[in-house]
Amino acid sequence: MSKVVSDISMSLDGFITGPNVRVGNGMGDGGDRLHDWGFDPKTKTETDAKIWDEKSASTGAVIMGKRMFDVGFEPWGDPPPFRMPVFIVTHEEREPLPMKGGTTYTFVTNGIEATLELARAAAGDKNVGIWGGANIIRQYLKAGLLDEIQIHLIPILLGDGIRLFEGLDPEGIELRKARSIETPSATHFLFEVVKLRT
């Protein structure tokens, strides 16, 4: 059965971006280092590559927030790196935006549940990935709609930026570690969301 899985890289001090996130600097100052484990051939190991490939192969559609789309759209280019349907949670009505390589950006204005329903239909038997930003991941976690959280903990300190769990009330959220894999570039944690008490 398909799952709803958030997937994000995070610094040791809890940031998923560096400071000064803006268009043209989507990961903030120094934040690009958070993804070296998946992209940089000098630091990426065979194990890191397998984890990246596993994530890509098991995901059939992606959900992200409008802010992440705004700051990432230009650097991602055409074709973008997703190669699957991407659903943007937004208040702005906009026509779907087809790109090369199998990605179409679809803008959904009626909430996270409706976005998930569309993404599930597009994903078929594969997982739906909640790939950011932090606010969207928190919304899905708080609503009890996440099955798993995958965090790639990177051994760097950013000092400032966007924190993954900033402002999230932990009351009622229970996680169980399902897996941890250590490489020189990252420690890859997979957590099951056990339950969300109301």
Side-chain angles (χ1 to χ4, degrees), residues 1-12 14-17 34-35 37-39 44-65 67-69 72 81-89 103 106 108 111-155 162-183 185-198:
M1 182 175 165
S2 67
K3 297 177 181 177
V4 182
V5 182
S6 74
D7 192 287
I8 201 94
S9 296
M10 184 170 72
S11 68
L12 277 178
F15 296 102
I16 62 165
T17 73
L34 291 170
H35 294 140
W37 71 270
F39 292 112
K44 178 172 75 172
T45 68
E46 186 177 320
T47 300
D48 293 317
K50 284 172 78 173
I51 290 169
W52 187 275
D53 291 345
E54 174 189 89
K55 171 181 85 164
S56 298
S58 65
T59 305
V62 171
I63 294 174
M64 71 175 64
R67 182 167 188 244
M68 182 174 170
F69 173 78
F82 306 103
R83 298 186 296 277
M84 66 185 79
V86 177
F87 296 86
I88 315 297
V89 180
T103 297
T106 301
V108 187
I112 62 172
E113 287 92 350
T115 306
L116 180 57
E117 188 175 324
L118 291 170
R120 278 191 196 277
D125 293 336
K126 293 188 173 184
N127 293 340
V128 173
I130 314 292
W131 287 2
N135 182 43
I136 289 298
I137 292 173
R138 289 192 298 259
Q139 285 184 53
Y140 278 95
L141 179 59
K142 187 176 177 183
L145 297 172
L146 275 183
D147 297 308
E148 295 177 346
I149 300 173
Q150 184 153 245
I151 296 176
H152 311 284
L153 191 63
I154 312 303
I162 297 171
R163 289 187 184 273
L164 179 56
F165 298 116
E166 184 82 38
L168 181 69
D169 181 0
E171 180 64 30
I173 298 173
E174 187 176 326
L175 306 175
R176 177 172 52 228
K177 186 174 74 170
R179 181 177 79 179
S180 65
I181 299 172
E182 192 171 330
T183 73
S185 302
T187 302
H188 305 279
F189 290 104
L190 180 65
F191 298 96
E192 296 174 359
V193 181
V194 178
K195 58 184 173 179
L196 186 71
R197 297 184 299 271
T198 55

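Here the structure is a predicted model, which means the values were calculated and not measured.
Counting heavy atoms from C-beta outward, Leu153 and Leu12 have side chains that approach closer than 4.5 Å. In this structure, Ile173 and Leu168 have side chains that are in contact, with non-hydrogen atoms separated by less than 4.5 Å. No side-chain heavy atom of Ile112 sits under 4.5 Å from any side-chain heavy atom of Lys142.
Remark: the Trp37 side chain and the Ser9 side chain contain an N/O donor-acceptor pair separated by less than 3.5 Å.
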Yes or no on side chain to side chain contact (heavy atoms under 4.5 Å, CB included) for Tyr140 and Ile149, after CA distance, side-chain angles and deciding distance?
-> CA-CA 11 Å; Tyr140 278 95; Ile149 300 173; over 6 Å; no
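To the nearest 0.5 Å, atoms CZ (Phe189) and CE (Met10) are separated by 8.5 Å. Interatomic distance, Gln139 CD to Thr115 OG1, rounded to the nearest 0.5 Å: 9.5 Å. Between the CD1 atom in Ile130 and the CG atom in Leu141 there is a gap of 11.0 Å [rounded to 0.5 Å]. One finds the CZ atom of Arg120 at 9.5 Å from the CG atom of Asn127 (value rounded to the nearest 0.5 Å). A distance of 9.0 Å separates NZ of Lys50 from CD of Glu54, quoted to the nearest 0.5 Å. The CD1 atom of Ile8 sits 6.5 Å away from the CG atom of Leu164 when rounded to the nearest 0.5 Å.
The shortest non-hydrogen separation linking Val194 to Arg176 is CG2-CB, 3.6 Å. Among all heavy-atom pairs drawn from Ser58 and Lys55, the shortest one is OG-O, 3.3 Å. Closest approach of Ala122 and Pro85 over heavy atoms only: CB-CG, 4.1 Å. For Asp169 against Glu171, the heavy-atom pair with the smallest separation is OD1-N, 3.0 Å. Met84 and Trp131 get closest at one heavy-atom pair: CE-CH2, 4.4 Å. Pairing each heavy atom of Ala119 with each of Phe87, the nearest pair is CA-CE1, 3.6 Å.
In this structure a side-chain-to-backbone donor-acceptor pair under 3.5 Å is missing from Thr59 to Val128. For the pair Lys126 (side chain) and Ser2 (backbone), a donor-acceptor distance under 3.5 Å is absent.
With sequence neighbours left out, Thr45 forms a side-chain hydrogen bond (donor to acceptor under 3.5 Å, both in side chains) with Asp48. Remark: Arg163 pairs with Glu166 by the salt bridge (charged side-chain N to carboxylate O under 4.0 Å, His left out) rule, at least two apart or across chains. Every residue two or more places apart in sequence or in another chain that forms a side-chain contact (heavy atoms from CB on, under 4.5 Å) with Met68 is listed here: Met64, Trp76.
Screening Asp7, Thr183, Thr187 for a side chain to side chain donor-acceptor pair (under 3.5 Å) with His152, the sole residue that qualifies is Asp7. Considering Ile63, Leu146, Val193, Leu145 in turn, Leu146 is the only one that fulfils the side chain to side chain contact (heavy atoms under 4.5 Å, CB included) rule with Val4.
Within 6.0 Å of CD in Glu117 there are 12 or fewer heavy atoms belonging to other residues, nucleotides or ligands.
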